[in-house]
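Every chain is numbered from 1, with letters handed out A, B, ... down the list of sequences. Small disclaimer: the values here were computed from a predicted structure and weren't measured.
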Amino acid sequence: MDAIPLGPVVEASFYRRPAAELAPALLGLELVHETPEGLASGIIVETEAYQGPEDRGAHSFGGRRTARTEVMFGPAGHAYVFSIYGMHHCFNVVAAEPGKPQAVLVRALEPRRGLALMARRRCAGGDRLARPGVLTGGPGRLCQALGITRGQYGLPLFDPASPLRIHYPRPPFTVAAVARGPRINIDYAGEWKDVPWRFWVAGNPHVSRP
DNA sequence: GCCTTGATGACG
DNA sequence: GTCATCAAGGCA
């Protein structure tokens, strides 16, 4: 698998749509991170849309514009990375037009390239890493496996020269059916917590929560 | 207080 | 084996 060349990079215009439309569209694409340690990648199998400023679940709720949320106000297709609970990171893709602070959280990958490198970075997983879903199932886990930290904040995912990119998968990945449901861990979001803006590849064993 | 995870201990 | 609970820990 690692010997097969990457597919084309997904173009910038692909991301220029509302987060709730971009989130299901990202399923089946290949997220790639190249570092001095090597290349690692996985197929996106679970996403969540965050449609600030009206969405109480979003960091940009109410139009909150800080150093952390700044990239969400810019053009689509850039990386929004934030740290959470002091020890994990979450990777998001900026959506919509500039001025509209929307993003899509990537919650799970199906590992594709650089499996050994990812397992090394995810040493905390121990023996369980062999089980489906443990290596890259979960927003914090996939960031650890790919080596994504705030150092990748703002990178253009559509630029072939960027170390962090999204490609059309090669060989192709078929998304037979998309399932949807409420987003995870936003109990504080009031009426917004039940909006079915979580999308995943139906039946895929790598999603963070079936 | 958070868009999380891994350890631990209860239970079958 | 599953499921509920909880601490860890940095940044806003």
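- Using bins of under 30°, 30° to 60° and over 60° for the plane-to-plane angle, the ring pair A/Tyr15/A/Phe158 lands in the tilted bin.
- Comparing C/dC11, C/dA8, B/dC3 by their nearest atom to the side chain of A/Met87 picks out C/dA8.
- Checking each of A/Val45, A/Ile43, A/Leu146, A/Val207 against A/Leu109 for a side-chain contact (heavy atoms from CB on, under 4.5 Å) leaves exactly one that passes, namely A/Leu146.
- Between A/His59 and the phosphate of B/dC2, there is no side-chain N or O to OP1/OP2 separation shorter than 4.0 Å.
- To the nearest angstrom, P of C/dA12 lies 12 Å from CZ of A/Phe82.
- Toward the 5′ end of DNA chain C lies the nearest nucleotide of A/His88, the other residue of the pair A/His88 and A/Arg150 mapping further downstream.
- When heavy atoms are screened at a 4.0 angstrom cut-off, A/Gly140 is found touching the sugar-phosphate backbone but no base atom.
- Look at A/Arg107 and you'll find a side-chain N or O under 4.0 angstrom from OP1 or OP2 of B/dT4.
- More than 12 non-hydrogen atoms from other residues, nucleotides or ligands lie less than 6.0 angstrom from CZ of A/Arg68.
- Put simply, A/Arg141 has no side-chain N or O that comes within less than 4.0 Å of OP1 or OP2 on B/dC3.
- Between A/Arg209 and B/dC3 there is no side-chain polar atom (N or O) within less than 4.0 angstrom of OP1 or OP2.
- The distance between atom CE of A/Met72 and atom P of C/dA12, rounded to the nearest whole Å, is 13 Å.
- Judged by closest nucleotide on DNA chain B, A/Ile186 is the one of A/Ile186 and A/Gln144 placed further toward the 5' end.
- One can place CH2 of A/Trp192 at 16 Å from P of B/dC3, the figure rounded to the nearest angstrom.
- Aromatic ring orientation, A/Trp192 versus A/Trp197: tilted (interplanar angle from 30° to 60°).
- For the pair A/Arg56 CZ and B/dC3 P, the interatomic distance rounds to 13 Å; values are reported in whole Å.
- Checking the phosphate oxygens (OP1, OP2) of C/dA12, no side-chain nitrogen or oxygen of A/Arg64 falls inside 4.0 Å.
- Phosphate contact (OP1/OP2 of B/dT4, side-chain N/O of A/Asn185, threshold under 4.0 Å): present.
- Atom OH of A/Tyr50 and atom C1' of B/dC3 are 4 Å apart (whole Å).
- Residues A/Glu191 and A/Arg56 are not paired through a salt bridge, judged by the lack of any N-O separation under 4.0 Å between the basic side chain and the carboxylate.
- Considering only side-chain N and O atoms, A/Arg122 lies under 4.0 angstrom from the phosphate OP1 or OP2 of B/dG6.
- Counting to the nearest Å, the C1' atom of B/dT4 and the NE2 atom of A/His89 are 12 Å from each other.
- Put simply, A/Tyr85 does not rest on the base of B/dT5: the two rings are not both less than 5.5 Å apart at their centres and under 30° in tilt.
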